[in-house]
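Worksheet for the structure shown next.
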Amino acid sequence: MKEPIEKKFPNVTLERQMPEKGGPEGMNILLTSGDIPDLFYAVPGWYGKLQLSRVFDDLTPLIQKYNFDMGRLHPMVLETIKSYSKDGKIELLPESMNTLALVYNKAIFDKFGVPYPKDGMTWEQLLTVARDVSKNDNGIQFRGLEFDRFFPINNSQMSLPFVDPKTNKSITSSDGWQKFMSTLKAVYDVPGNKPPKAIGNGTLFYKDKTLAMFIGNINYLNTLMAIPDSDLQWDMVTMPTFSDLPGTATQVNTPFYGITPTSTHKDEAFKVIAYLLSDEIQTFYNKEGRLTVLNDKAIRDQYGANLKELSGKNVKAVTTLQPAKPRPFTLYDDYVVVQLSNALQRAAIDNVDLNTALREAAELADKEIDNYINSMK
């Protein structure tokens, strides 16, 4: 973004700050050293710890001052942005959208004479397909289906909450979580589809080529595009949906921009963010494979248009489904996400009863949350 921004704003110079650690830890290093950035970029999983470090300024005055039209954002993006902050504040603005798509290896389907998956399949329908391609051939075990380890849980299609904001305790024993985690566990219960070591291994799809289907976030496509078609013949369809939530993808997952309260260049920083959210820049990045946050179908439909590696692929699989509503957000969600993922792995690989694994995951997450809260006192 450095070149287009400095061309647009000759009085602005972007200098990237790179502490020895990334994420919230890196931000705390900058805060401690006094080398505080004006503008920062982060991903949703970091939000809780960044918020506790008090690095977010309320952008509402700048939004009003420069008449920035929040209505240009996709409705679910806007609702998600609002869900992060309290008291009507807007503390961050989105950079792009991330969601899931299902990629499949044509060669494996052709080997076993199985029809390719289609757009709009439910989880139940996809499990049937996974059974048909989870087979052993000449001593090689081909698995039918795998998915990203954290993303489907962190951004569940059912918009399930993780933590009770009043008690700061995990709330993952609900019927909704039971249904959701049982659906994910059913993938690994397909005969021949049990992971050998760990869940969520996407390298089996493009490196070992023993995985027929992988549900990954759309950044995963960058890896596949670097592989010649002669080495991996793949295409994609929409991620599976729940039958009672037709057409619903994951919740919005959006990397975001923020401005620090102590910045002496808040106006300039906001103008930079606004420019990055302009039709011009959003169209460009969308064509380059970073899904736009704008509620403009004409722009969304150009997703990946500049990427020759996606030519002939079912690119609309990325934009066909609609995002799920955001969950009630708390600062401590990420602790529960990690433990739920660990619980799923224990149930899938170690044959631990799923209900037991989920109960123990909640206990561990609660302990981690308590420890973190106490450490901040």
Side-chain angles (χ1 to χ4, degrees), residues 99-153 180-242 250 309-310 312-315 317-318 341-352 354:
T99 188
L100 296 175
L102 183 147
V103 296
Y104 61 93
N105 185 329
K106 292 182 178 181
I108 295 178
F109 280 85
D110 294 343
K111 174 189 286 288
F112 297 124
V114 177
Y116 300 149
K118 300 178 180 179
D119 287 330
M121 299 186 80
T122 64
W123 281 98
E124 291 82 2
Q125 291 170 331
L126 193 62
L127 285 175
T128 299
V129 177
R131 291 187 188 99
D132 292 339
V133 287
S134 294
K135 296 182 178 182
N136 192 292
D137 182 70
N138 292 325
I140 299 175
Q141 181 62 47
F142 290 89
R143 292 181 54 219
L145 178 63
E146 182 60 91
F147 48 83
D148 185 283
R149 177 165 180 164
F150 296 105
F151 197 104
I153 296 174
F180 184 78
M181 297 300 289
S182 294
T183 299
L184 297 186
K185 170 65 164 49
V187 171
Y188 300 121
D189 290 339
V190 170
N193 196 48
K194 182 177 179 178
K197 294 181 180 179
I199 63 174
N201 186 358
T203 63
L204 296 175
F205 182 83
Y206 63 85
K207 188 175 181 180
D208 296 50
K209 301 184 182 69
T210 56
L211 180 63
M213 297 179 287
F214 183 70
I215 304 170
N217 77 64
I218 56 177
N219 289 332
Y220 182 78
L221 300 179
N222 293 327
T223 298
L224 302 186
M225 286 189 287
I227 301 172
D229 286 343
S230 57
D231 291 338
L232 180 67
Q233 298 173 31
W234 65 276
D235 206 341
M236 56 183 159
V237 295
T238 56
M239 70 171 296
T241 60
F242 287 90
T250 62
E309 296 86 354
L310 290 182
K313 308 290 187 189
N314 182 29
V315 180
V318 173
S341 174
N342 292 342
L344 183 60
Q345 169 143 315
R346 293 179 65 209
I349 296 179
D350 301 330
N351 298 318
V352 176
L354 180 61

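In this text, all values refer to a predicted model and were calculated from it rather than measured experimentally.
Between atom OG1 of residue T250 and atom CD1 of residue I215 there is a gap of 11.0 Å, rounded to the nearest 0.5 Å. With rounding to the nearest 0.5 Å, the separation of OG1 in T99 from CG in N219 is 11.0 Å. Atoms NZ and CG, from K118 and N314 in turn, are 13.0 Å apart once rounded to the nearest 0.5 Å. With rounding to the nearest 0.5 angstrom, the CE atom of M239 is 12.5 Å from the CG atom of D119. Here CG of L344 is found 5.5 Å from CD1 of I153. Values are rounded to the nearest 0.5 Å. To the nearest 0.5 Å, atoms CZ (R346) and CD1 (I199) are separated by 12.0 Å.
Considering every non-hydrogen atom in both P117 and L126, the closest pair reads CB-CD1, 4.5 Å. When every heavy atom of A347 is checked against every heavy atom of L354, the shortest pair comes out as CB-CD1, 3.9 Å. Taking all atoms of both residues into account, the shortest heavy-atom contact from R143 to G192 is CG-O, 3.5 Å. Minimum interatomic distance between K313 and M236 (heavy atoms only, all atoms of both residues): CB-CE, 4.4 Å. The two residues A130 and L145 have their closest heavy-atom pair at CB-CB, 4.0 Å. Scanning both residues, D235 and G312, for their nearest heavy atoms gives OD2-O, 4.2 Å.
Counting only distance, with no hydrogens or angles, the side chain of N217 and the backbone of F151 share no donor-acceptor pair below 3.5 Å. At distances below 3.5 Å, at least one donor-acceptor pair connects side-chain atoms of N136 with backbone N or O atoms of G139. Looking only at distances, no side-chain donor or acceptor of E309 sits under 3.5 Å from a matching main-chain atom of A226. Side chain of T241 to main chain of T122: no donor-acceptor pair is present (N/O by atom type, distance under 3.5 Å, no hydrogens or angles). Under the 3.5 Å distance criterion, the side-chain polar atoms of S134 are matched with a main-chain donor or acceptor of G144.
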Next item on the list: Take L204 and F214 through the side chain to side chain contact (heavy atoms under 4.5 Å, CB included) test and state the conclusion after the steps.
Entry: CA-CA 9 Å; L204 296 175; F214 183 70; over 6 Å; no
Next item on the list: Given side chain to side chain contact (heavy atoms under 4.5 Å, CB included), test Y220 with Y206 step by step and report yes or no.
Entry: CA-CA 11 Å; Y220 182 78; Y206 63 85; 3.2 Å; yes
Note to self: Please determine whether side chain to side chain donor-acceptor pair (under 3.5 Å) holds for the pair T210 and D208, giving the CA-CA distance in whole Å, both sets of side-chain angles, and the decisive distance to 0.1 Å.
What the structure shows: CA-CA 5 Å; T210 56; D208 296 50; 4.9 Å; no
Item checked: Check against side chain to side chain contact (heavy atoms under 4.5 Å, CB included), M213 and V129 -> CA-CA 10 Å; M213 297 179 287; V129 177; 3.9 Å; yes
Notebook entry, point to check: Taking it one step at a time, do L100 and I218 satisfy side chain to side chain contact (heavy atoms under 4.5 Å, CB included)?
Noted result: CA-CA 6 Å; L100 296 175; I218 56 177; over 6 Å; no
Margin query: For R149 and S341: C-alpha separation, side-chain torsions, deciding distance, then whether side chain to side chain donor-acceptor pair (under 3.5 Å) applies.
Written below: CA-CA 7 Å; R149 177 165 180 164; S341 174; 2.6 Å; yes
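Using bins of under 30°, 30° to 60° and over 60° for the plane-to-plane angle, the ring pair Y104/F109 lands in the perpendicular bin.
Counting heavy atoms from C-beta outward, L127 and E124 have side chains that stay 4.5 Å or more apart. A heavy-atom distance below 4.5 Å is found between the side chains of E146 and P195. In this structure, M121 and V237 have side chains that are not in contact, with every pair of non-hydrogen atoms separated by 4.5 Å or more.
Between the side chains of D110 and Y116, at least one donor-acceptor pair of N or O atoms lies under 3.5 Å.
A cation-pi arrangement is absent between K209 and W234, since the terminal nitrogen or guanidinium carbon is not both under 6.0 Å from the aromatic centre and inside a 45° cone about the axis.
For K106, the NZ atom sits in a packed shell: over 12 heavy atoms of surrounding residues, nucleotides or ligands are nearer than 6.0 Å.
Taking the six-membered ring wherever Trp is involved, the centroid distance between the rings of F142 and F112 falls below 6.0 Å. Taking the six-membered ring for Trp and the full ring otherwise, the centers of F147 and Y188 sit less than 6.0 Å from each other.
No option in L232, L211, V133 other than L232 meets the side-chain contact (heavy atoms from CB on, under 4.5 Å) test with N105.
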